[in-house]
Amino acid sequence: MILSIKGVWKFKETLFNIGTGSTIEIGEHAVLESGGDILIAPHYRIVIKKGAKIGSHVRISWEGQMFDSNFHYMRNIATGDIPFINKEIVIGDHCWIGNRVIVNRGTKLPNYTIVAAGSLTNKNYAKEGNTHLTIAGCPAKVVAEGFERIYETLEEDLCIELNEREYRENL
């Protein structure tokens, strides 16, 4: 694991678990705020140059990355404008981010968002005020609403049993 903190990491609650082979870099003047009960799988990369907020009860799967910067300045040749390269990331409570998801600068995920594996997030998905979104694609867009991840062990065991019964019935 690589941990480089030149800015500030604010823990609002306890329990932040990050998997082996992961990297967290918080640049000078940057702020990472994290809630509690956050679980990040192995080989995940977080690089913060401006700021990011990760809510509570968040699950992030393998081999993804979260960057609040595109790291390189570009000039619009028609206007001469040079846009900002850093934009804050906000991940709401109870979000579930699948494996190999890229969370880019400016991403805002409302509470209870599910991000499908292999997606690329790059905008404010919370602007309409909805929660319980399922987003997918590259770039990601809303593909469903009204779903949430099941965390409770007893409820999960029941789901496994129902899945196995449906599988046997459809052989």
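Note that these values count all heavy atoms, side chains included, but never hydrogens, waters or copies made by symmetry.
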Report all side-chain donor-acceptor pairs from residues 85-95 shorter than 3.5 Å, counting only partners two or more places apart or in another chain.
{"from": "Asn86", "atom 1": "OD1", "to": "Ser69", "atom 2": "OG", "distance (Å)": "2.7"}
{"from": "Asp93", "atom 1": "OD1", "to": "Ser56", "atom 2": "N", "distance (Å)": "2.7"}

Can you check side-chain contact (heavy atoms from CB on, under 4.5 Å) on Thr113 and Asn111, steps first, answer last? CA-CA 6 Å; Thr113 296; Asn111 295 340; over 6 Å; no
Criterion side-chain contact (heavy atoms from CB on, under 4.5 Å) on Leu109 and Ile97, from CA distance to verdict: CA-CA 10 Å; Leu109 302 178; Ile97 298 173; 4.0 Å; yes
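- The ring-ring contact (aromatic ring centres under 6.0 Å, His included) analysis of residues 70-89, with sequence neighbours excluded, yields the pairs Phe67-Phe71.
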Could you give the side-chain donor-acceptor pairs of residues 35-53 under 3.5 Å, partners two or more places apart or in another chain?
{"from": "Asp37", "atom 1": "OD1", "to": "Arg59", "atom 2": "NH2", "distance (Å)": "3.2"}
{"from": "Asp37", "atom 1": "OD2", "to": "His57", "atom 2": "ND1", "distance (Å)": "2.8"}
{"from": "Asp37", "atom 1": "OD2", "to": "Arg59", "atom 2": "NH2", "distance (Å)": "3.4"}

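- For residues 11-30, the pairs satisfying salt bridge (Lys or Arg N to Asp or Glu O under 4.0 Å) are Lys12-Glu33, with sequence neighbours left out.
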List the atom pairs, donor and acceptor, that lie under 3.5 Å between side-chain atoms in residues 126-135 and the rest of the protein, sequence neighbours left out.
none

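- Side-chain atoms of Ser22 do not come within 3.5 Å of backbone N or O of Met1 as any donor-acceptor pair.
- The structure places CD1 of Ile54 at 5.0 Å from CG of Leu32, a figure rounded to the nearest 0.5 Å.
- More than 12 heavy atoms of other residues, nucleotides or ligands shown are found within 6.0 angstrom of CD1 on Ile82.
- Tracing side-chain contacts under 4.5 Å through hydrophobic residues (I, L, V, M, F, W, Y), one never reaches Val103 starting from Ile114; they form parts of separate clusters.
- Checked against side-chain hydrogen bond (donor to acceptor under 3.5 Å, both in side chains), Thr79 has the following partners two or more places apart in sequence or in another chain: Asp81.
- Hydrophobic clustering places Val115 together with Tyr125 (ILVMFWY residues linked when any side-chain heavy atoms are closer than 4.5 Å, directly or through intermediates).
- Using a 4.5 Å cut-off between side-chain heavy atoms of Ile, Leu, Val, Met, Phe, Trp and Tyr, Trp62 forms no hydrophobic cluster with any other residue.
- Clustering of Ile, Leu, Val, Met, Phe, Trp and Tyr by side-chain heavy atoms under 4.5 Å joins Ile102 with Leu120.
- Residue Tyr112 holds its OH atom at 6.5 Å from CD of Glu148, rounded to the nearest 0.5 Å.
- A search for ring-ring contact (aromatic ring centres under 6.0 Å, His included) contacts involving Phe11 returns Trp9, not counting sequence neighbours.
- Listed by first then second residue, pairs satisfying salt bridge (Lys or Arg N to Asp or Glu O under 4.0 Å) with a partner in residues 96-125 read Glu63-Arg100, not counting sequence neighbours.
- The side-chain heavy atoms of Ile2 and Ile24, taken from C-beta on, include no pair separated by under 4.5 Å.
- Grouping Ile, Leu, Val, Met, Phe, Trp and Tyr by side-chain contacts under 4.5 Å, direct or through others, puts Val31 with Val8.
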